[in-house]
Amino acid sequence: MAAACWARRFPRRWKKSKPRWPAESSRHAGSKPPTGGFFHMDAARARAHHLTTEPRGAMMEQVECLVIGAGVIGLAMARQLAMAGREVVIVEAESAIGQHASSRNSEVIHAGLYYPPGSLKARLCVAGRQRLYDYCLQRAIAHRRCGKLIVAANEAELPRLQALQQRAAANGVDDLCWLDAEQLRALEPAVYARAALLSPSTGIIDSHGLMLALLADAEAHGATLALNSPLSGGRVGDAGLELDIAGLRLRARCVVNAAGASAPRVAASIAGVPRETIPTPYYARGVYFALQGRSPFQHLIYPLPEAGGLGTHLTLDLAGQARFGPDLEWVDAIDYRVDPARAERFHAGIRRWWPALPEQALAPAYAGIRPKIAGPGAPDADFLIQGPAQHGVPGLLQLYGIESPGLTASLALAEYAAATLTA
């Protein structure tokens, strides 16, 4: 129904098309964006939809489940619901999947070290990490379990490193290894630090490949993707949520708001959603700089975490190219510009543990926005997953503040969040 109508009214949206990623995806040296195509509609799925006629005579499209947002989290939710036998339509405002946080991050599979014990971030990261590694093997998604070093640059930082080791143990991360300065230099000769924690469970992943696999699974179970389909508003109706999308009025019995940094705005555009349940959004921009030339590192290198993030760290892509970031800058709107002058601040932080960083070695790469729901000076917020029990709207699932470790947690988060719809 909905898919058929979109196909009739917007035929270009449904043709086979090559996935397009942000220009910054060229940061993956030696790799290319996926070259497969999307088929968003077929006859069997079209027959599965139906039309309803409103008493006023207006035609309203109807679907069982609507997922708003086609990033990693939205696609994981669509996969979870479709594989459970639900009819699913995914709507994405952009012209391709994963155009925001899902493709503008460090592409790290986290072990679960940092988050408060018992929090959703801790529980879903630890549960999701091994599930994600298993999924990568099952679906041939490029990844590497390269390991990570968290370094204490001086004696004064040792108590914080010890506290981090204790927090990791409380989260169920039991494979950390404490390295003294000599052991660290044997592992990474270019790193100068007083001590480090080695996290062998940390890795890197092709986030684009992950999204394509999630989408393929969802579509294989009947889900449909609609691109260029922004939400302009909606209301809570007696028979479901009624949403205005790309010029159509759509009724859905189940709606998943997985719009990332835009999730609070999406929620506020739906009349009948209690405003007191919608958090204030904050935008934390982080920029990345690429290391020009060959990297001397085999592991990811992280400083100790700082307020608002994990610190400016070194990550590797699957081709071995190194990049540093993200830093933290609070901004008023989504803005992906990278100021080359910020490289000076990067130099100082990196040289605390890599004093041999060459001059002029950093080139602007890309920027991302963390979808925060706690502002400057406030403690980091946990994932906020609201089902009907929290906001009182039947069939509505709100996903707020799904920042790092959202990618790592995605499969476990989708399972957990789907259960809240019927809790």
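Only heavy atoms go into these numbers, but all of them, side chains included; no hydrogens, no water, no symmetry mates. Count residues from 1 along the sequence.
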To the nearest 0.5 angstrom, please state how far the [atom1] atom of [X] sits from the [atom2] atom of [Y].
X	Y	atom1	atom2	value
S410	E415	OG	CD	12.0 Å
I205	T408	CD1	OG1	8.0 Å
F297	T315	CZ	OG1	12.0 Å
E182	L187	CD	CG	12.5 Å
L198	C177	CG	SG	6.0 Å

Aromatic contact, F324 with F346 (centres under 6.0 Å): no

Sidechain N-carboxylate O distance under 4.0 Å for [X], [Y]:
X	Y	answer
R323	E107	yes
R251	E61	no
E155	R194	yes
D327	R342	yes
E157	R352	yes
D382	K121	no
E359	R351	yes

Exactly one of L81, N257, I245 should register a side chain to side chain contact (heavy atoms under 4.5 Å, CB included) with L66. Which one does? I245

